[in-house]
Amino acid sequence: MRYLIVWAGVLACYAPWARADWLLLLHTDASGKVGERLEAKVEEEIKFRDHMSEFYDAEAMPWVAYTFTDWFKLGLGWRLLYDRKKSADDDNAADATAPPPREWAVESRPLLDLMFNRKIGAWSWDDRVRIENRRKEDVDPYFRFRNRLRARDPWKWTR
């Protein structure tokens with residue numbers, strides 16, 4: 001029975017009737033401690049859509065965090081995004097040899113992270129509340145609140 005469920009999931013993801021295209025997402029980051037309580041990180045992400053043929057998104061984010069207690073950390077970051085707008089005419093283009101002109105949208109997101117950690121038994125739990133100030137072109141800035149609750153198990157699958 002368990003194999004039937006696994007194969008049903010595989011067929012649902014890779015079936016020819018699936019309407020999604022292939023996306024390539026390249027993510028890299030570098031991080032380290034700067035002293036006992038301060039840490040820094042730089043992330044970069046590049047995305048390709050339309051069966052991995054069109055470069056459409058680039059993001060970079062420097063980030064620093066200060067650990068106040070063993071259960072609370074405060075982080076500050078700045079995410080800069082370059083996003084290629086897709087027009088409505090892209091899918092209905094009559095001449096496939098000449099791609100339609102596209103514009104790049106720039107967005108900057110200063111952000112604040114409130115991070116809470118707790119260890120219950122051997123399990124580690126963390127909750128990150130992220131407050132972003134989204135600054136898009138031609139749109140008034142607005143705030144967005146995001147939350148991530150994560151549980152980490154104590155088991156190790158490899159050495």
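When a residue number appears, it is its place in the shown sequence, counting from 1. All values below come from the heavy atoms of this structure, side chains included, with hydrogens, waters and symmetry mates left out.
- A cation-pi arrangement is found for Arg49 relative to Tyr56, the charged atom lying closer than 6.0 Å to the ring centre and inside a 45° cone about the ring normal.
- Put simply, the side chain of Met61 does not reach to within 4.5 Å of the side chain of Arg109, judged on heavy atoms.
- Counting all heavy atoms, side chain and backbone alike, Gly75 lies closest to Met115 at N-CE, 3.8 Å.
- Salt bridge absent: Arg79 and Glu132 never bring a charged side-chain N and a carboxylate O closer than 4.0 Å.
- Between Ile131 and Phe143 there is a side-chain heavy-atom pair separated by less than 4.5 Å.
- Side-chain atoms of Tyr142 and Asp140, non-hydrogen and from C-beta on, never get closer than 4.5 Å to each other.
- For Trp104 and Phe55, the gap between ring centers is short of 6.0 Å.
- Judged by distance alone, the side chains of Asp70 and Asn117 never bring a donor and an acceptor atom under 3.5 Å apart.
- Grouping the Ile, Leu, Val, Met, Phe, Trp and Tyr side chains by contacts below 4.5 angstrom, directly or via other members, places Leu111 apart from Leu149.
- Note on Val106: it does not cluster hydrophobically with Leu81, by side-chain heavy-atom contacts below 4.5 Å among ILVMFWY residues.
- The minimum heavy-atom distance between Arg135 and Pro141, with the atom names listed, is CG-CB, 4.2 Å.
- A donor and an acceptor atom, one from each side chain of Asp113 and Trp63, are located under 3.5 Å apart.
- With contacts defined as side-chain heavy-atom distances shorter than 4.5 Å, the pair Phe48/Ile46 qualifies.
- Of all the heavy atoms in Ala40 and Val64, the pair that sits closest is CB-CG1, 4.1 Å.
- Residue Arg148 qualifies as enclosed at atom CZ: its count of foreign heavy atoms under 6.0 Å is above 12.
- At distances below 3.5 Å, at least one donor-acceptor pair connects side-chain atoms of Thr69 with backbone N or O atoms of Trp71.
- Side-chain contact between Leu112 and Leu74 is present, with at least one heavy-atom pair separated by less than 4.5 Å.
- When every heavy atom of Ser108 is checked against every heavy atom of Trp78, the shortest pair comes out as CB-NE1, 3.5 Å.
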**Request:** Could you check Phe72 against Thr67 for side-chain contact (heavy atoms from CB on, under 4.5 Å), going step by step and ending with a plain yes or no?
**Result:** CA-CA 6 Å; Phe72 177 68; Thr67 303; over 6 Å; no
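- Contact detail for Lys33 and Glu36: the closest heavy-atom pair is NZ-O, 4.1 Å.
- For the atom pair Arg144 CZ and Asn133 CG, the distance stands at 11.5 Å (nearest 0.5 Å).
- Transitive grouping of hydrophobic side chains (ILVMFWY, heavy atoms separated by less than 4.5 Å) keeps Phe116 and Ile120 in distinct clusters.
- Using a 4.0 Å cut-off between a side-chain N of Lys or Arg and a carboxylate O of Asp or Glu, Arg118 and Asp126 do not qualify as a salt bridge.
- Under a 4.0 Å N-O distance rule, the pair Glu59/Lys47 qualifies as a salt bridge.
- Checked for salt-bridge contact, Lys41 and Asp29 miss the test: no charged N lies under 4.0 Å from a carboxylate O.
- Atom CZ of Phe145 is separated from atom CG of Asn147 by 11.5 Å, given to the nearest 0.5 angstrom.
- Under a hydrophobic clustering in which Ile, Leu, Val, Met, Phe, Trp and Tyr are joined whenever their side-chain heavy atoms come within less than 4.5 Å, directly or via other members, Leu26 and Tyr82 fall into the same cluster.
- When each of Met52, Glu54, His51 is checked for a side chain to side chain contact (heavy atoms under 4.5 Å, CB included) with Leu24, only Met52 meets the rule.
- If you look at Trp123 and Trp155, their ring centroids are closer than 6.0 Å.
- The two residues Ala105 and Glu137 come nearest to each other via the heavy atoms CA-OE1, 3.9 Å.
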